[in-house]
Amino acid sequence: MKRVLIIEDEKNLARFIELELQYEGYETIVCNDGREGLQLALDQEWDVILLDLMLPSLNGMEVCRRIRHARQTPIMMITARDSVMDRVSGLDHGADDYIVKPFAIEELLARLRSVFRRMETAAPQKHSITTYSYRDITLEKESRIVKKGEEVIDLTKREYELLLTLLENENIVMTREALLNKIWGYETEVETNVVDVYIRYLRNKIDDPDEESYIQTVRGTGYVMRK
């Protein structure tokens with residue numbers, strides 16, 4: 001549910017906006033004083049702030065400036081002043097939009113939807129990271145980072161792909177032919193013993209001398225990372 005802070009000193013108008021927004025499914029709080037509204041804006045999380053220009057205690061321009069100094073919450077100015085300079089001043093103080101009294105509630109709702117669309121478009125896309133773990137080895141697939149404990153292990157492209165394939169197929173014995181086809185490609189003329197060579201390279205980088213290898217050999221078949 002979107003949270004809307006309404007800072008408006010005309011109580012009838014503020015109540016009207018509050019009821020209409022609640023009917024549309026918004027959660028609302030109303031404040032009729034500039035200084036108190038500023039405190040609410042800074043103390044809580046809001047999806048948008050509707051801010052009147054003419055307010056007691058602290059005018060809307062100053063409230064807007066102080067909010068913007070601390071937060072990036074979208075702000076829509078509400079005012080009866082319709083001059084170009086008033087609009088420019090409000091936007092320059094950090095407002096995201098400007099609506100002039102009197103206005104139809106449908107216009108206000110449409111402007112709110114527009115603000116939320118812009119926020120969603122501007123929001124950075126979150127990319128999930130697929131992580132594989134085996135004992136104290138972790139591999140982050142999308143970032144291609146391999147760690148042993150807290151230490152980053154520097155792997156070549158082939159070594160990384162070999163480790164990734166074994167981790168993706170944990171507990172499944174991968175034949176040399178399957179590994180060769182997966183990592184070097186079906187059209188390669190490389191012999192299957194190259195897999196043994198790269199397994200050795202990989203073990204040299206991740207294994208501890210006195211402990212069991214992370215990669216187990218299945219005699220006559222291939223390799224597996226088995227828990």
Side-chain angles (χ1 to χ4, degrees), residues 1-4 24-27 41-49 68 70-74 96 112-227:
M1 181 182 294
K2 301 289 189 185
R3 300 191 74 228
V4 181
E24 294 294 325
Y26 294 97
E27 178 184 342
L42 297 179
D43 287 348
Q44 299 184 33
E45 295 294 328
W46 305 96
D47 292 293
V48 69
I49 297 170
R68 189 56 71 235
R71 291 180 176 271
Q72 294 304 310
T73 310
D96 296 272
L112 286 175
R113 291 193 295 269
S114 178
V115 167
F116 294 138
R117 282 197 300 271
R118 290 199 300 270
M119 288 170 58
E120 291 168 2
T121 301
Q125 299 298 309
K126 296 181 179 179
H127 301 284
S128 60
I129 298 293
T130 306
T131 302
Y132 296 94
S133 299
Y134 181 83
R135 287 158 56 178
D136 61 346
I137 295 286
T138 57
L139 181 149
E140 296 178 0
K141 184 174 180 179
E142 286 73 18
S143 58
R144 300 180 71 89
I145 293 175
V146 177
K147 291 183 179 181
K148 182 176 180 180
E150 296 300 317
E151 178 187 359
V152 175
I153 306 297
D154 185 22
L155 300 180
T156 67
K157 181 177 182 293
R158 300 294 190 197
E159 292 165 352
Y160 169 82
E161 291 174 349
L162 184 57
L163 179 61
L164 173 61
T165 301
L166 291 169
L167 286 169
E168 286 179 328
N169 295 277
E170 186 179 305
N171 296 322
I172 299 173
V173 177
M174 301 294 293
T175 66
R176 291 173 176 82
E177 290 78 10
L179 291 169
L180 187 69
N181 290 334
K182 172 71 174 176
I183 297 164
W184 280 267
Y186 286 94
E187 303 301 324
T188 184
E189 297 180 0
V190 176
E191 298 294 331
T192 55
N193 63 0
V194 75
V195 175
D196 302 321
V197 173
Y198 274 84
I199 288 287
R200 186 168 67 250
Y201 291 160
L202 186 54
R203 281 172 168 165
N204 287 339
K205 291 187 176 182
I206 66 175
D207 281 357
D208 295 309
D210 300 326
E211 296 185 10
E212 180 185 17
S213 176
Y214 291 87
I215 304 168
Q216 299 173 34
T217 302
V218 179
R219 191 178 299 276
T221 305
Y223 300 94
V224 63
M225 296 182 79
R226 181 182 287 133
K227 287 187 178 178

Lys141 vs Leu167, side chain to side chain contact (heavy atoms under 4.5 Å, CB included): CA-CA, chis, key distance, verdict:
CA-CA 10 Å; Lys141 184 174 180 179; Leu167 286 169; over 6 Å; no
Contact between Tyr26 and Asp47 at the side-chain level, heavy atoms closer than 4.5 Å - yes or no?
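Not in contact.
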Option passing side chain to side chain contact (heavy atoms under 4.5 Å, CB included) with Tyr223 (candidates Leu202, Val195, Thr165, Thr175)
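Running side chain to side chain contact (heavy atoms under 4.5 Å, CB included) over Leu202, Val195, Thr165, Thr175 with Tyr223 returns exactly one hit, Val195.
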Only one of Glu27, Arg71, Arg3 forms a side chain to side chain contact (heavy atoms under 4.5 Å, CB included) with Trp46, so which one is it?
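By the side chain to side chain contact (heavy atoms under 4.5 Å, CB included) criterion, Trp46 pairs with just one of Glu27, Arg71, Arg3: Arg3.
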So which atom in Val146 and which in Leu155 form the shortest heavy-atom distance, rounded to 0.1 Å?
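So the minimum-distance heavy-atom pair works out to CG2-CD1, 3.8 Å.
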Looking only at heavy atoms, which two atoms of Glu161 and Ile183 are closest? And how far apart?
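Minimum heavy-atom contact is OE1-CG2, 3.5 Å.
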Looking at Asp208, I want to see if its CG is surrounded by more than 12 non-hydrogen atoms of other residues, nucleotides or ligands under 6.0 Å.
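Yes, CG of Asp208 has more than 12 neighbouring heavy atoms, counting only those of other groups under 6.0 Å.
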Whether over 12 other heavy atoms sit under 6.0 Å from Glu142 CD:
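More than 12 heavy atoms, drawn from other residues, nucleotides or ligands, come within 6.0 Å of this atom.
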Which value, rounded to the nearest 0.5 Å, describes the distance between [X] atom [atom1] and [Y] atom [atom2]?
X: Leu166; Y: Tyr134; atom1: CG; atom2: OH; value: 10.0 Å
X: Glu24; Y: Lys2; atom1: CD; atom2: NZ; value: 14.5 Å
X: Leu179; Y: Tyr198; atom1: CG; atom2: OH; value: 13.5 Å
X: Ile153; Y: Lys148; atom1: CD1; atom2: NZ; value: 6.5 Å
X: Ile199; Y: Leu162; atom1: CD1; atom2: CG; value: 4.0 Å
X: Tyr132; Y: Leu163; atom1: OH; atom2: CG; value: 11.0 Å

Please report the C-alpha distance between Arg200 and Asp196 in whole Å, then the side-chain angles of each, then the deciding distance to 0.1 Å, and finally whether the side chain to side chain contact (heavy atoms under 4.5 Å, CB included) criterion is met.
CA-CA 6 Å; Arg200 186 168 67 250; Asp196 302 321; 5.5 Å; no
Using modelled atom types and a 3.5 Å cut-off, is there a donor and acceptor pairing between side-chain atoms of Thr217 and backbone atoms of Arg219?
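Here the side-chain-to-backbone pair does not exist.
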Is there a donor-acceptor contact under 3.5 Å from the side chain of Arg68 to the main chain of Pro74?
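No: the side chain of Arg68 does not pair with the backbone of Pro74.
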Given Glu159, which of Lys205, Arg203, Arg144 fulfils the salt bridge (charged side-chain N to carboxylate O under 4.0 Å, His left out) condition?
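Of the listed residues Lys205, Arg203, Arg144, the salt bridge (charged side-chain N to carboxylate O under 4.0 Å, His left out) partner of Glu159 is Lys205.
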Side chains of Tyr214 and Asp136: is there a donor and an acceptor less than 3.5 Å apart?
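Short answer, yes.
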Evaluate side chain to side chain contact (heavy atoms under 4.5 Å, CB included) for Val173 paired with Arg226, printing each intermediate quantity in order.
CA-CA 9 Å; Val173 177; Arg226 181 182 287 133; 3.5 Å; yes
